[in-house]
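The structure appears right after this line, and notes come after that.
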Amino acid sequence: MAEKELSNFFNDYLKKEPLFLNRKVFQGGYLPETVDHRDEQIQFIAKILAPILRGDKPSNLFVYGKTGTGKTMCIKYIMEKMMETTNKSSNPLKILYLNCKLKRVADTEYRLIAQLARGFGKEIPFTGLPTDEVYRIFFNSVEKEKKPVMLVLDEIDQLVKKTGDGVLYNLTRCNEELKGSQVSLVGLSNDMVFIDNLDPRVKSSLSEEELVFPPYNALQLQDILRQRAKKAFKDGTLKPGTIEKCAAYSAREHGDARRAIELLRVAGELAERAGENKILLKYIDAAEEKIERDRLVDITASQPKQSQCILYSIIMLSTKKKGNIFTGEIYDFYKPLCQKTGLRPLTQRRISDVIAELDMLGVIHAKVISKGRYGRTREISLTLPDSSVLNIKKILEEGLDLT
DNA sequence: GTCAATTCACATGAAAGAGACCACGGTCTAGTG
DNA sequence: CTAGACCGTGGTCTCTTTCATGTGAATTGACGA
């Protein structure tokens with residue numbers, strides 16, 4: 001773009017009326033002043049946790065619910081209110097919130113405990129200390145604190161899946177060992193069945209109280225979206241039906257409010273970029289496509305080389321041959337490909353895991369089937385939409401230095 | 001024709017290794033007064 | 001004498017390999033009608 005054109009473009013851009021009043025409403029950590037359609041759950045949680053305000057130990061609590069059902073938001077909302085109350089009263093209280101899924105922060109036993117200890121103002125190195133040492137530091141600081149401590153562990157299922165239930169066992173044991181303070185646990189999980197696989201001792205102590213967050217239905221999603229939209233957009237930006245469509249799309253999936261909100265945001269951005277002063281219905285379709293496309297591109301680009309190489313093999317095989325592909329075929333294609341790219345070929349055992357990972361990410365669809373006499377294998381097909389396959393193939397070729 | 005045993009091609013689990021990263025304490029080295 | 005560079009040790013974390021065990025239905029082959 002020539003210099004003059006560019007400045008013209010910027011001038012035009014400034015002249016145009018922005019659609020957004022306030023983008024913050026759409027950001028991840030945003031907490032609305034009121035929480036819609038979760039009164040029942042909030043009341044329930046509040047009743048259970050309230051004793052802590054008087055210095056008593058409340059029951060441990062376990063909260064289930066799919067992503068985007070408002071678990072985290074409700075807990076944060078309650079935490080905030082509790083802190084407000086406790087600041088006024090004479091009974092101090094310590095609340096620590098941790099998301100166990102955060103990579104490199106709290107996704108292993110060591111890191112979780114280290115992070116908790118840091119919550120008490122301790123300095124813990126990222127690595128180098130024995131784990132028991134960190135436990136000791138943490139326990140000591142709890143003991144010294146002399147006030148009730150509440151630990152909120154978000155996405156706790158991820159932690160247990162990765163590291164086992166030892167951490168939880170140690171944390172629940174905490175109360176028996178410490179005389180001065182009490183620690184109560186609040187666990188949030190996406191996975192309903194995860195607790196059944198826990199050590200029975202941990203299970204009984206952790207799930208003294210349980211609560212399930214049901215998915216939002218389309219009408220509830222509409223309310224939530226409307227509330228956000230009122231703050232985010234200028235009046236009259238939304239065509240009638242826009243909110244309804246966003247809500248319907250997301251309700252059809254799992255009632256995921258986060259997704260619904262993102263959909264609305266991206267639709268707004270697309271409309272703004274197109275120079276519209278209204279968000280038309282077609283931008284919602286476009287937004288849904290864009291979100292999916294971006295997600296897939298992000299995933300593929302951020303995969304390690306080996307996974308990329310395997311995904312590339314899958315793409316090549318599935319374009320070459322119709323129907324499903326099997327693990328063995330992929331491995332046969334992958335091995336010579338490694339030679340070309342200078343990668344060290346991995347064993348088939350590892351490939352099997354990588355394929356399972358790609359399936360988890362939703363890039364491919366893999367199902368274990370038995371072909372009777374002809375063995376047991378995974379039946380694999382691409383789930384990428386045709387429109388992104390070429391694009392992703394290009395990204396992979398660049399990533400792998402293929403010509 | 002029926003039924004149990006066999007067989008294939010991986011899936012799945014467990015354990016252990018390699019290599020990267022990091023903190024800590026001790027030793028060495030160069031610069032300073 | 002001291003600050004900083006440079007090891008060696010001991011720890012975690014992630015990705016892999018190795019070894020072992022599991023699995024589900026097509027196929028096979030014995031058996032009886």
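Bear in mind that the values here come from a model prediction, so they are computed numbers and not experimental data. Residue numbering restarts at 1 for every chain, and letters A, B, ... go by the order of the sequence lines.
Partners of A:F62 by ring-ring contact (aromatic ring centres under 6.0 Å, His included), not counting sequence neighbours, listed by chain and number: A:Y64, A:F194. Under the salt bridge (Lys or Arg N to Asp or Glu O under 4.0 Å) criterion, A:K234 pairs with A:E17, sequence neighbours left out. Under the salt bridge (Lys or Arg N to Asp or Glu O under 4.0 Å) criterion, A:K66 pairs with no residue, sequence neighbours left out. For A:F20, the ring-ring contact (aromatic ring centres under 6.0 Å, His included) partners are A:F233, not counting sequence neighbours. Take A:D39 and apply the salt bridge (Lys or Arg N to Asp or Glu O under 4.0 Å) test, not counting sequence neighbours, and it matches no residue. Scored by the ring-ring contact (aromatic ring centres under 6.0 Å, His included) test, A:F333 finds no partners at all (sequence neighbours excluded).
Within the 4.5 Å cutoff, no side-chain heavy atoms of A:V142 are placed close to those of A:K94.
If you measure from atom CD1 of A:I351 to atom P of C:dC15, you get 14 Å, rounded to the nearest angstrom. Between the C1' atom of C:dT14 and the CD atom of A:Q303 lies a distance of 14 Å, rounded to the nearest Å. Taking atom CD1 of residue A:I113 and atom C1' of nucleotide C:dT12, one finds them 14 Å apart after rounding to whole Å. Counting to the nearest Å, the C1' atom of C:dT14 and the CD atom of A:E357 are 11 Å from each other.
Which of C:dA25, C:dT17, C:dT12 sits closest to the side chain of A:S370 comes down to C:dA25.
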For residues 311-318 of chain A, which side-chain donor-acceptor pairs fall under 3.5 Å, sequence neighbours excluded?
unit_1, atom_1, unit_2, atom_2, d
A:Y312, OH, A:E397, OE2, 3.0
A:S313, OG, A:C309, O, 2.8
A:S318, OG, A:I314, O, 3.2
A:S318, OG, A:I315, O, 3.1

Output side-chain donor-acceptor pairs under 3.5 Å for residues 363-373 of chain A, partner residues at least two apart or in another chain, one line each.
unit_1, atom_1, unit_2, atom_2, d
A:S370, OG, A:G372, N, 3.4

N/O to N/O distances under 3.5 Å, protein versus nucleotides 15-18 of chain B:
none

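Taken residue by residue, residues 307-315 of chain A places no heavy atom nearer than 4.0 Å to DNA chain C.
Listed by first and then second residue, the side-chain hydrogen bond (donor to acceptor under 3.5 Å, both in side chains) pairs that reach into residues 40-53 of chain A come to none, sequence neighbours excluded.
Counting only N and O atoms by type, the side chains of A:Q222 and A:Y216 include no donor and acceptor under 3.5 Å apart.
At the phosphate of C:dG11, neither OP1 nor OP2 sits under 4.0 Å from any side-chain N or O atom of A:R111.
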Under 4.0 Å protein heavy-atom contacts per nucleotide of nucleotides 3-13 of chain B, with B for base, S for backbone only and - for none = ----BBBSSBB
